[in-house]
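A short write-up of the structure that comes next.
Every number for a ligand or one of its atoms is a count from 1 in the order of the listing. Since we're looking at a predicted model, the values are computed, not measured.
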Amino acid sequence: MSPPKFELGTLDHAVYTRKSVRAFTNQPVPREVLKSLIESACRAPSGTNTQPWRVYVLEGAARDNLVDEVCKIHDAMAKDPELAKQYTDSYDYYPEKWISPFIDRRRQNGWGLYGLLGIDKTQKDKMHAQQQRNFRFFDAPVGLMFTLNTAMGRGSLLDYGMFLQTLMLAARGVGLSTCPQAAWLAFSKIVHQHIKAGPDEMLVCAMCLGYEDTDALVNTFETPRESVDSVLTWV
Ligand SMILES: Cc1cc2nc3c(=O)[nH]c(=O)nc-3n(C[C@H](O)[C@H](O)[C@H](O)COP(=O)(O)O)c2cc1C
């Protein structure tokens with residue numbers, strides 16, 4: 001399904017061309033552009049205007065140092081799965097027990113992506129390498145980390161979602177692409193040290209930001225959506 005053709009600069013253009021990009025060029029993103037995107041995201045609504053977001057930008061050496069450390073640990077974990085016990089997700093983004101239809105969509109998404117790349121279940125090394133692309137920010141020059149004060153309630157995650165989507169749509173408005181990432185949650189302990197977050201901060205998610213590599217096969221991946229009628233109940 002190709003996105004409908006909307007006029008550049010319209011909200012619908014941003015909505016329908018936003019997709020998770022998993023290969024970026026090395027074209028840098030100027031700081032003033034980055035700052036204006038975060039400023040747009042800050043226009044997101046939040047319950048009683050609590051504005052619970054906090055953004056850490058990693059570029060250059062700061063980005064590379066985090067990538068190097070986490071990729072090393074990720075490699076070590078592949079050799080010694082026991083190591084994974086030392087790294088726990090900062091919060092339960094996903095359910096402990098999956099049920100249908102969510103697990104089916106999750107599997108369709110995962111195997112759809114790996115299938116496109118010609119990776120099957122038996123190819124553990126290739127799966128590991130593709131998973132590790134997450135911890136290389138898919139080569140994006142900018143990695144973003146988002147934290148929430150642990151004193152806040154679950155509702156703040158709702159506010160955060162609006163902040164993140166506003167940021168991703170604003171990015172499309174200036175020709176930039178993104179990939180939100182929960183993969184980093186497992187390494188929140190390491191992320192915390194690198195971004196020097198306080199003990200009262202919880203990693204909500206990460207995000208890659210940069211210019212899409214339009215030649216990359218992985219970026220041709222298209223995700224379906226349920227029909228609007230299946231999510232809609234007229235009461
Ligand atoms: C909070 C959040 C976390 C995500 N984490 C990851 C991730 O760690 N790695 C990844 O490749 N994609 C990640 N995704 C992207 C989803 O797989 C993607 O949004 C979904 O398949 C729909 O595709 P689309 O974004 O291209 O429309 C994440 C998306 C969200 C909203």
Side-chain angles (χ1 to χ4, degrees), residues 1-4 6 12-24 41 44 52-53 55 58 66-67 70-71 74 77 84 87-95 98 101-117 119 126-140 142-148 154 156-172 176-188 190-191 202-210 212-214 216-228 231:
M1 184 204 76
S2 309
F6 288 108
D12 274 338
H13 180 270
V15 169
Y16 282 92
T17 64
R18 188 219 54 80
K19 62 177 183 180
S20 294
V21 161
R22 297 185 178 89
F24 292 82
W53 30 78
V55 186
L58 291 122
L66 175 66
V67 165
V70 168
C71 287
H74 186 240
M77 270 163 63
Y87 301 96
T88 47
D89 284 10
S90 41
Y91 70 105
D92 54 346
Y93 177 69
Y94 290 115
W98 284 92
F102 312 109
I103 184 64
D104 313 311
R105 293 177 192 152
R106 176 176 166 83
R107 287 194 180 124
Q108 185 195 23
N109 191 66
W111 290 118
L113 183 66
Y114 279 53
L116 172 72
L117 300 173
I119 304 172
K126 284 191 176 174
M127 280 171 64
H128 176 79
Q130 180 55 30
Q131 200 200 4
Q132 192 168 101
R133 299 268 307 138
N134 268 291
F135 309 123
R136 300 183 181 282
F137 289 114
F138 298 111
D139 297 334
V142 179
L144 301 170
M145 293 290 166
F146 305 94
T147 68
L148 173 67
R154 283 196 296 168
S156 293
L157 290 173
L158 196 61
D159 303 335
Y160 233 117
M162 300 185 206
F163 177 87
L164 296 171
Q165 175 73 337
T166 305
L167 173 52
M168 292 189 282
L169 295 183
R172 286 308 302 136
L176 283 157
S177 292
T178 53
C179 183
Q181 295 180 287
W184 285 92
L185 297 184
F187 297 107
S188 60
I190 315 285
V191 172
M202 175 187 95
L203 183 66
V204 172
C205 73
M207 188 183 287
C208 321
L209 188 135
E212 177 182 354
D213 177 353
T214 50
L217 176 65
V218 71
N219 288 336
T220 63
F221 187 55
E222 289 181 1
T223 53
R225 293 296 188 272
E226 298 302 309
S227 75
V228 65
V231 300

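- The ring pair (Phe, Tyr, Trp, His ring centres under 6.0 Å) test applied to Phe138 returns no partner, not counting sequence neighbours.
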- Step by step, would you call Arg133 with Val218 a side chain to side chain contact (heavy atoms under 4.5 Å, CB included)? CA-CA 11 Å; Arg133 299 268 307 138; Val218 71; 5.8 Å; no
- Could you go through the ring pair (Phe, Tyr, Trp, His ring centres under 6.0 Å) check for Phe137 and Trp184 one step at a time? CA-CA 10 Å; Phe137 289 114; Trp184 285 92; 4.7 Å; yes
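- Using a heavy-atom distance under 4.0 Å as the criterion, the protein contacts of ligand 1 are Arg18, Lys19, Ser20, Arg22, Tyr93, Asn109, Asn134, Phe138, Cys179, Pro180, Gln181, Ala182, Ala183, Thr223, Arg225.
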- Message: Quick one, Leu157 with Tyr91, criterion side chain to side chain contact (heavy atoms under 4.5 Å, CB included). Give me CA distance, side-chain angles, the key distance, then yes/no.
- Response: CA-CA 11 Å; Leu157 290 173; Tyr91 70 105; 4.1 Å; yes
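- A perpendicular orientation is assigned to the rings of Tyr114 and Trp111, their planes being inclined by more than 60° (bins at 30° and 60°).
- The minimum heavy-atom distance between Phe187 and Val70, with the atom names listed, is CD1-CG1, 3.6 Å.
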